[in-house]
Amino acid sequence: MRRIYLDYNASTPIDPAVAAAMLPFVEQHFGNPSSGHWASIGARVALDTARSQVATLLGCHSDEVVFTSGGSEANNLALKGVFFKLREKGNHIVMTSIEHPAVVEPCRFLERLGAKITLLPVDATGRIDPDDLRVAITPRTILVSVMHANNEVGTIQPIEACARIAKEHGTLFHTDAAQSAGKIPTDINKLGVDLLSIAGHKLYAPKGVGALFVRRGVSLEPLIHGAGHEAGRRASTESALLAVGLGKACELARDLAAMERVRALRDHFWTESQKRFGNRIVLNGHPTHRLPNTLNVSFVGRIGAEILARLDNVAATTGSACHSGRVELSPVLKAMGIEPGVGMGAVRFSLGRATTRDEIDTVIAQLADVLAAAG
Ligand SMILES: Cc1ncc(COP(=O)(O)O)c(C=O)c1O
């Protein structure tokens, strides 16, 4: 059986153009970008270019981009950075009940330091109601963090409306765009956000690199203190190698045409599955406000992990890859109020640039065999 990769929300392969852009920084340009001599020039110029490529994707200024080690660090810097800077002003943070652990856990940590956290509920499709945010904000609220798109079900949140409400209350707004960047538009001015996180390995760049957009005028306490790298927001010698990878990936991600092809394949997967399996499968997530590559379906009355175990040539996941291996209902599906009998049968298929129609048809045929064998 040929191997089929349908786990692009867990990680993407490095795009060949990204790898090619990085190669000179593996082989030649080793200099420290902060040094003032000939050996640093290549790295320094590349770092500047990469920063402007990230900025162009997000529609921000280059000096508003802070390179990080990934999406988790970007989220940690946003949440802890704001808390430590503004704790005199307030200690209240609002987030949703379906955030990724890279937001949930920093908030849990901050709770131990005196933060008060409010969780916004989601409906059965995984969307929050902006009116709930309006009610949740208090004079002590210093930050609202709402993920742009969910990693498990792909539901896209009404970020513009939520950011507007935060602004009306003079509260900073952060969004975790690790899953949305490169799949849907992530222009910070259209979204109206103050802080936005991206993760390289979700958009065809390597693991170990990400970025946080920090709007001019927003001041954060760094997580890593040291020399003045990243305009004093993150100490440690910048990796031109990784920044170049992220920059090139962001340049490629501006063209969302490839995602329309992926959307068509994803829709074909769902319509064909419905024809074949009828009411034995249900869709998890919002029918339209959803990432174009994500199909999370429940095989009613079955266990998603058992289905995947029989499709061992197919890379997909039963929950989020970051916490797979658990057999209990995922916290995201639980927060959406999905019944255990349905939620336990959930499988997330996430498609990417290299996915073909033939692969999708093969997986549907295999699923039909597995379900038939199970009776
Ligand atoms: C929504 C979301 N946020 C943050 C992260 C963490 O990103 P990284 O693995 O780059 O730290 C992930 C990764 O799964 C994610 O899906």
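Both ligands and their constituent atoms are indexed starting at 1 by order of listing.
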Within 45° cone of Tyr8 ring axis and under 6.0 Å: Lys202 NZ or CZ: no
Closer than 4.0 Å to some heavy atom of His201 - which atoms of ligand 1 meet that? 8 (P), 9 (O), 10 (O)
Tell me the contacting part of Lys202 for ligand 1: side chain, backbone, both, or neither, using a 4.0 Å heavy-atom threshold, strictly below. side chain
Distance-only N or O hit between ligand 1 and Gly71, under 3.5 Å: yes
Does a side-chain N-to-carboxylate-O contact under 4.0 Å join Arg233 and Glu230? no
Using a 4.0 Å heavy-atom threshold (strictly under), name the region of Ala178 that reaches ligand 1: side chain, backbone, both or neither. side chain
Would you mind listing which atoms of ligand 1 come within a distance below 4.0 Å of any non-hydrogen atom of Asn151? 1 (C), 16 (O)
Side chain, backbone, both or neither: which part of Lys207 comes within less than 4.0 Å of ligand 1 when only heavy atoms are counted? neither
Is the closest side-chain heavy-atom distance between Gln179 and Leu291 below 4.5 Å? yes
Does any N or O atom in Asn9 lie less than 3.5 angstrom from one in ligand 1, N or O only? no
Spell out, yes or no, whether Ile128 and Val94 are grouped together once hydrophobic residues are joined by side-chain heavy atoms under 4.5 Å, including indirect joins. yes
Cation-pi between Arg353 and Tyr204: NZ/CZ under 6.0 Å from ring centre and within 45° of the ring axis? yes
Does one hydrophobic cluster hold both Leu223 and Val209, with members joined at side-chain heavy-atom distances below 4.5 Å? no
Gly70: numbered ligand 1 atoms lying under 4.0 Å from its heavy atoms: 10 (O)
